[in-house]
Each structure stands twice: as C-alpha cells, then as structure tokens.
J.: 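Take this structure first; my questions come after.
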Amino acid sequence: MLLGKKRKIGRRIEEISVGEKLSVTEKVEDKDLLLYLGLTDDANPLYIQHDYASQTPFKKPIVPSIMLTGMITSAISKYLPGPGTHILSQEIEFSKPVYHYAMIELLLEVTDVNLEKHTVTIHVTAVNEMKEEVIKGKLIVCPPHRLEDIHGTALDNF
C-alpha cells in the first residue's frame with residue numbers, strides 16, 4: 001500500500017527548462033527481444049528469423065520499432081521529467097534499422113515548456129555505434145502533477 005508512504009515523483013513543470021538534455025545508452029540484448037516478442041505474441045520473421053531476414057534488404061534481423069519507442073518512453077518515465085509523466089503525443093521516425101546486439105545512444109532535449117497547457121516538448125534522436133542517426137522524433141508530455149499528501153491509518157495493518 002502507498003497510503004502515507006513516500007512516492008518518487010518526477011520534476012514539476014516549473015523545475016524544467018528549455019535546453020535541458022538527457023543522454024541514455026541502451027544495448028539491445030536477446031533476452032529483451034525475446035521478452036518483448038513473447039509479451040506481444042509478435043512472430044514477425046523479420047525480428048527473429050535469420051534465414052528470412054538475410055533475404056531482405058536488412059540482411060539480418062532487426063529490432064521492432066515499438067520496442068525502440070519503449071526505450072524512449074522509459075527514459076521519459078524514469079528521468080525527464082520522471083515518474084508520474086504522461087505522454088500525450090509522439091512523432092517518431094526510424095531512419096535506419098537497429099540490429100540485434102546494437103548499442104544505441106538516445107539524446108532527449110527539452111525544446112518547449114508550456115506552463116499554461118502543462119506540457120513539455122521533448123525532441124529525441126538516437127545514434128548507433130557508427131554515430132549514424134537511427135531515430136528522430138518529438139514527444140509532448142504532461143509532467144507529473146503535485147498531489148496533496150494522503151495520510152491515513154485505516155490500512156496500516158496490511
């Protein structure tokens with residue numbers, strides 16, 4: 001139970017400023033791919049079958065775009081603005097494929113803070129090991145709202 005317990009909440013909109021940047025490096029591992037594919041029941045041969053992928057322009061299996069999107073949304077939920085943030089819209093372009101075992105570096109930058117609408121615009125780019133851009137996009141997010149403290153004792157025994 002969370003009653004009366006401290007919750008980690010991200011930064012308020014007033015604490016965020018244009019120009020802030022966050023860099024996150026992610027490595028795509030087999031365990032992550034298999035977990036994603038298992039959870040979504042996605043059996044696209046382009047993601048897992050080397051014999052199929054070798055006959056495509058990609059030449060080898062690629063990482064699902066939505067899995068890469070998950071890495072971006074995770075960085076927003078964990079760090080910028082942080083826990084309690086809600087993504088309102090996203091426009092993401094996958095300019096080059098990302099392959100299994102790739103190391104990608106995500107760069108998120110705050111480009112607008114709208115106090116009236118309670119939104120923050122974040123631009124994202126990602127590069128692979130060869131410093132080639134593989135992702136670019138823009139997300140509009142709603143940073144966490146500050147809630148009043150909840151104090152109660154009714155559930156202390158649970």
Side-chain angles (χ1 to χ4, degrees), residues 1-3 5-13 16 20-112 114 117-145 147 150 155 158:
M1 285 289 159
L2 289 176
L3 282 179
K5 299 213 166 104
K6 290 275 187 196
R7 288 172 271 214
K8 182 175 165 84
I9 301 294
R11 296 183 314 161
R12 293 188 315 232
I13 194 165
I16 301 168
E20 284 188 47
K21 294 180 182 179
L22 169 70
S23 177
V24 177
T25 302
E26 296 280 350
K27 182 166 172 108
V28 180
E29 302 279 357
D30 276 344
K31 65 178 177 56
D32 304 318
L33 284 158
L34 293 173
L35 184 60
Y36 165 79
L37 295 171
L39 286 171
T40 60
D41 197 25
D42 189 345
N44 186 338
L46 186 57
Y47 301 148
I48 52 176
Q49 293 180 2
H50 291 269
D51 58 336
Y52 172 80
S54 69
Q55 297 176 51
T56 71
F58 301 108
K59 300 296 182 205
K60 53 188 176 181
I62 63 172
V63 177
S65 300
I66 195 70
M67 188 173 162
L68 298 168
T69 301
M71 293 175 183
I72 296 167
T73 61
S74 176
I76 288 170
S77 293
K78 286 190 220 175
Y79 309 114
L80 185 64
T85 300
H86 174 61
I87 296 172
L88 300 171
S89 71
Q90 56 188 358
E91 298 171 19
I92 301 175
E93 181 182 323
F94 304 93
S95 40
K96 288 190 181 263
V98 174
Y99 296 102
H100 294 202
Y101 312 110
M103 184 84 70
I104 62 167
E105 182 180 347
L106 297 166
L107 178 64
L108 287 73
E109 180 176 0
V110 175
T111 58
D112 184 59
N114 188 322
K117 292 183 178 179
H118 196 86
T119 61
V120 173
T121 302
I122 298 174
H123 277 82
V124 62
T125 56
V127 296
N128 60 17
E129 301 95 333
M130 284 83 65
K131 300 299 180 198
E132 300 170 313
E133 185 177 84
V134 294
I135 300 171
K136 67 180 172 180
K138 174 179 93 168
L139 296 95
I140 299 175
V141 305
C142 175
H145 293 274
L147 307 176
I150 299 173
L155 301 173
F158 292 95

J.: Heavy atoms, side chains only, cut-off 4.5 Å: are I16 and P143 in contact?
T.: yes
J.: Using side chain to side chain donor-acceptor pair (under 3.5 Å) as the criterion, list what pairs up with S89, not counting sequence neighbours.
T.: none
J.: Step by step, work out the side chain to side chain contact (heavy atoms under 4.5 Å, CB included) result for T25 and I104.
T.: CA-CA 6 Å; T25 302; I104 62 167; over 6 Å; no
J.: Run the salt bridge (charged side-chain N to carboxylate O under 4.0 Å, His left out) test against E26 and tell me which residues pass, sequence neighbours left out.
T.: none
J.: Rounded to the nearest 0.5 Å, what separates atom CD1 in I62 from atom NZ in K60?
T.: 11.5 Å
J.: Taking only residues two or more places apart in sequence, or in another chain, which ones meet N114 in a side chain to side chain contact (heavy atoms under 4.5 Å, CB included)?
T.: D112, E116, K117, T119
J.: Do L68 and F94 come within less than 4.5 Å of each other through their side chains, counting heavy atoms only?
T.: yes
J.: Can I get a per-line list of side-chain donor-acceptor pairs under 3.5 Å for residues 69-85, giving both atom names and the distance, sequence neighbours left out?
T.:
unit_1	atom_1	unit_2	atom_2	d
T69	OG1	S65	O	3.1
T73	OG1	T69	O	3.4
T73	OG1	G70	O	3.1
S77	OG	T73	O	3.2
T85	OG1	G82	N	3.4
T85	OG1	G82	O	2.6

J.: Throw together a table of side-chain donor-acceptor distances under 3.5 angstrom for residues 28-35, partners on residues two or more places apart or in other chains.
T.:
unit_1	atom_1	unit_2	atom_2	d
D30	OD1	Y101	OH	3.1
D30	OD2	Y101	OH	2.5

J.: Side chains of I13 and V120: closer than 4.5 Å at any heavy-atom pair?
T.: yes
J.: Is any side-chain heavy atom of P61 closer than 4.5 Å to a side-chain heavy atom of Y99?
T.: no
J.: Could you go through residues 128-141 and list every donor-acceptor pair under 3.5 Å that involves a side-chain atom there, pairing it with any protein atom two or more places apart or in another chain?
T.:
unit_1	atom_1	unit_2	atom_2	d
N128	OD1	M130	N	3.0
N128	OD1	K131	N	3.3
N128	OD1	E132	N	3.0
N128	ND2	E132	OE1	2.8
E129	OE2	M103	N	2.8

J.: What pairs of donor and acceptor atoms, side-chain ones from residues 50-59 against any protein atom, are under 3.5 angstrom apart with sequence neighbours left out?
T.:
unit_1	atom_1	unit_2	atom_2	d
S54	OG	H50	O	3.3
S54	OG	D51	O	2.9
Q55	NE2	D51	O	3.2
T56	OG1	A53	O	2.7
T56	OG1	F58	N	3.2

J.: Who pairs with T111 by side chain to side chain donor-acceptor pair (under 3.5 Å), at least two apart in sequence or on another chain?
T.: H123
J.: By ring pair (Phe, Tyr, Trp, His ring centres under 6.0 Å), which residues pair with H118, not counting sequence neighbours?
T.: H145
